[in-house]
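What you see is a predicted model, and the numbers here were worked out from it, not measured in a lab. Chain identifiers are assigned alphabetically (A, B, ...) following the order of the sequence lines, protein sequences preceding nucleic acid strands; residue numbering begins at 1 within each chain.
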Amino acid sequence: MKIRVTFEGQEVELESGVQAGYLLEVFDFGGRRPLAFRLNGHLLDLHSPLTESGQLEPVFPEDPEALKILRHTAAHILAQAVKELFPEARLGIGPATEEGFYYDFDRQSPFTEEDLAAIEKRMKEIVKRRLPLKREEISREEAQRFFAERGETYKVELLREISDERVSLYRQGDFVDLCRGPHLPHTGMVKAFKLLSVAGAYWRGDERNPQLQRIYGTAFFDQEALKEYLERLEEARRRDHRRLGRELELFSIEEEIGPGLILWHPKGAIVRREIENFWLEEHLRRGYQLVFTPHIALRDLWRISGHLDFYAENMFAPMEIDERAYQLKPMNCPFHILIYKSRKRSYREFPIRYCELGTVYRYERSGVLHGLLRVRGFTQDDAHIFCREDQLEEEIFRVLDLVVYFLTVFGFEEYQVYLSTRPEKFVGSEEVWEKAEGALRAALERKGLSYAIDPGEGVFYGPKIDLKIRDVLGRFWQCSTIQVDFNIPERFDLSYMGPDNRPHRPIMIHRALLGSLERFFGVLIEHYAGAFPLWLAPIQVAVLTVADRHEPFARKICELLEASGVRVEPDFRGERLGYKVREAQVKKIPYMVIVGDREVQEERLTVRTRSGENLSLSPEEFLEKVQEEIKSKKI
RNA sequence: GCCCACGUAGCUCAGCAGGUAGAGCACUUCCUUGGUAAGGAAGAGGUCACCGGUUCGAAUCCGGUCGUGGGCUCCA
């Protein structure tokens, strides 16, 4: 059979099954050698057979797909190195990931740091061998036999679940792996890579399966990019909120209290309160009503709400008081619902928006706890909106508008937005779901947010929108979530009186914009690297004296600033100026006011900014500048 | 929860062929009054996470518990 491949207007006729690498001799790629091709949109490496006609695109290293191919090949090299050094290790899977690659191995004894170094060394040798990665296609049965003979039971298991009659293998030297490809032409092209860590991982992510050892690594086309990546890892370590949280005295987690429970120290607490003040002010401005609710409730409440059915494993165990069982709240919704239910509601009141900084407790498995980002007690910036179906789009739009506003103020300008649609198991009618999904979509489009659809990823009670924010290091964090709920109004038999003088069922929206104050704070610490913008900074101004005789004037400056609500820290200690400057700098205080003979005499201030610049201002000018900067929430 | 690693002064870490604890920073006191990222001296501070075992003797070896970290899974 003949096929036709076109590239930049040129067309060539080939015998089906010819290796794609042949095209290197047919077309002119501007003197460059592609790593692979894209034919009709899917990737082919140079050793893949051409079996269909179509448009050809070359893939060069700068192509986003190219890095994945490289990393996938790096994973194979890793596997080859491990098999050479530890022939008893059985292979799991080894894909490329966002940041690099990994390969899973089943081996009795764990890989040590030294093993990792030895493996990396062997990988370098394999790279030097410049082994071609050859693609072979064989029948599934043949492949099963092949891997069974080699004792690769996991590969056999994978093959059992593949429905294709023919499968592809990739061979590099003596190493053969079941793999769809594509791969680089030869191992010599993997020039910059590094193994990073070993961790346990369940076979196929299921904890009932055996646990394999996963070796993580990363790879790039050149050393420079690898170096940059490793520096970014280093920067992330420097910004780690757990480290900064301790160094800047923001928060702590104490063994005596228990894992996943946060102590907000004075400096962290003031940041939190600033966020909360801003949050509340903005909510009140936008038609929300503030409520407060208890931390525990009768177990029956959680039975009615359904949490005992679908959320029990995340709830703290019940406690008995006066022969009745109570449970800590994992969510705030039932309380808000009971406020709604406290009297008859009319459509004229709609939409009703209750907001609360509600502290909830969720049982999280010990292994998942992580600093402020994953805890067992946290405060959600929660709200529940009750409205009619025809108000849904407008309400979602308003929520989106609010969340984008908040995030922008904190300096997050880039988001990933996901719309999760109806899952297999769901409550309510398909019709209601479709309407709601349509409303969410319309609101997203009206707000001008581009989004991806997560089909079937909605919660059983309604569709949702999740937002992930991108921090300065390019990492994404989920904070905001907006969920429509068809279920809980039903369970609590909510109603409102419509214009037709008949009761109707309202729709409810759950939403948290910052997510939890704990997580958001953690993300903020890392985003700002601990250097909070002035309006959030725990200490906004440090006043440093050069010598003891400058103290009276310095004290006056402190009083001036404090009287205007500026958070000031005097440093009149008998230390040298350099020492005090360094200390204030380490604490990441935005402004240092330096008071010496010159300042006292001229009644002007020398102000050192966090970035190390010096300004000369009168006390009044400085106060005004500070107040303006606080008010504008300048980043 | 599971796998692996780790747990020594407030912090960062050294000590570990088993002989009973050390540094730097921070803290306190004294000297120094010094102009933009660490002046000098002295001092105080540890049941070596906890419990048990081996041993004449354990921070060091073994077991268990708790906690932390990297992952798996889940999510704010």
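For C16(B) and G57(B), the C1' atoms lie 15 Å apart once the distance is rounded to whole Å. To the nearest whole angstrom, the two P atoms, one in G24(B) and one in G69(B), are 30 Å apart. For U28(B) and G45(B), the C1' atoms lie 10 Å apart once the distance is rounded to whole Å. Comparing A59(B) with G53(B), their P atoms are spaced 14 Å from each other, to the whole Å. If you take atom C1' in A21(B) and the same atom in C13(B), they sit 14 Å apart, rounded to whole Å. A gap of 23 Å separates the C1' atoms of U33(B) and C27(B), to the nearest Å. When the P atom is compared between C2(B) and U65(B), the two are found 9 Å apart, to the nearest whole Å. Nucleotides G22(B) and C48(B) have their P atoms positioned 14 Å apart, rounded to a whole Å.
Atom CG of Leu440(A) is separated from atom CD1 of Ile396(A) by 5.0 Å, given to the nearest 0.5 angstrom. Expressed to the nearest 0.5 Å, how far CG of Leu233(A) lies from CZ of Arg238(A) amounts to 11.0 Å.
Atom-to-atom, CZ of Arg107(A) to C1' of C4(B) comes out at 13 Å; the value is rounded to the nearest Å. Protein atom CG of Asp104(A) is 12 Å distant from nucleotide atom C1' of C3(B), rounded to whole Å. Rounded to an integer number of Å, the gap from CD of Glu256(A) to P of C50(B) is 12 Å. Here C4(B) presents its C1' atom at 12 Å from CG of Asp115(A), a figure rounded to the nearest Å. One atom, CG of Leu244(A), and another, C1' of U12(B), lie 15 Å apart when rounded to the nearest Å.
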Base versus backbone protein contacts along nucleotides 32-48 of chain B [heavy-atom cut-off under 4.0 Å; B, S, -]: -BBBBBBB---------

Nucleotides 63-76 of chain B: protein proximity per nucleotide (B base, S sugar-phosphate only, - neither; heavy atom, under 4.0 Å): ----SSSBBBBBBB

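Phe310(A) is linked by a ring-ring contact (aromatic ring centres under 6.0 Å, His included) to His307(A), Phe460(A), counting only residues two or more places apart in sequence or in another chain. Every side chain to side chain donor-acceptor pair (under 3.5 Å) that Tyr354(A) has, sequence neighbours left out, goes to Arg345(A).
Between U12(B) and Arg246(A), a contact under 4.0 Å exists linking OP1 or OP2 to a side-chain N or O.
Salt bridge Glu88(A)/Arg107(A): present, at least one basic N to carboxylate O contact under 4.0 Å. Ion pairing between Arg549(A) and Asp597(A) holds under the 4.0 Å rule for side-chain N and carboxylate O. Here Glu276(A) pairs with Arg272(A) in a salt bridge; the nearest charged N to carboxylate O distance falls below 4.0 Å.
RNA chain B lies under 4.0 Å from no heavy atom of any residue of residues 400-412 of chain A.
The aromatic rings of Phe521(A) and Trp264(A) lie parallel to each other, their planes meeting at an angle below 30°, with 60° marking the opposite boundary. Note on ring orientation: taking the six-membered ring where Trp is involved, the planes of Tyr361(A) and His295(A) are tilted (angle from 30° to 60°).
A 4.5 Å side-chain heavy-atom check between Tyr415(A) and Leu407(A) finds at least one atom pair inside the cut-off. Within the 4.5 Å cutoff, the side chain of Thr97(A) has heavy atoms near those of the Tyr102(A) side chain.
Counting any heavy atom pair closer than 4.0 Å across all strands shown, Phe521(A) reaches no nucleic acid atom.
Taking the centre of each ring, His283(A) and Phe406(A) come in below the 6.0 Å mark.
Stems are defined here as 3 or more consecutive Watson-Crick or G-U wobble pairs with pairing distances under 3.5 Å; those involving RNA chain B are B:1-7 with B:66-72, B:10-13 with B:22-25, B:27-31 with B:39-43, B:49-53 with B:61-65.
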Stepwise side-chain contact (heavy atoms from CB on, under 4.5 Å) check, Phe251(A) with Arg246(A): CA-CA 7 Å; Phe251(A) 70 93; Arg246(A) 187 176 53 236; over 6 Å; no

Derivation and outcome, side chain to side chain donor-acceptor pair (under 3.5 Å), residues Glu551(A) and Thr545(A): CA-CA 6 Å; Glu551(A) 193 176 319; Thr545(A) 48; over 6 Å; no

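Counted by atom type alone, Ser252(A) and His265(A) present one or more donor-acceptor pairs between their side chains at under 3.5 Å.
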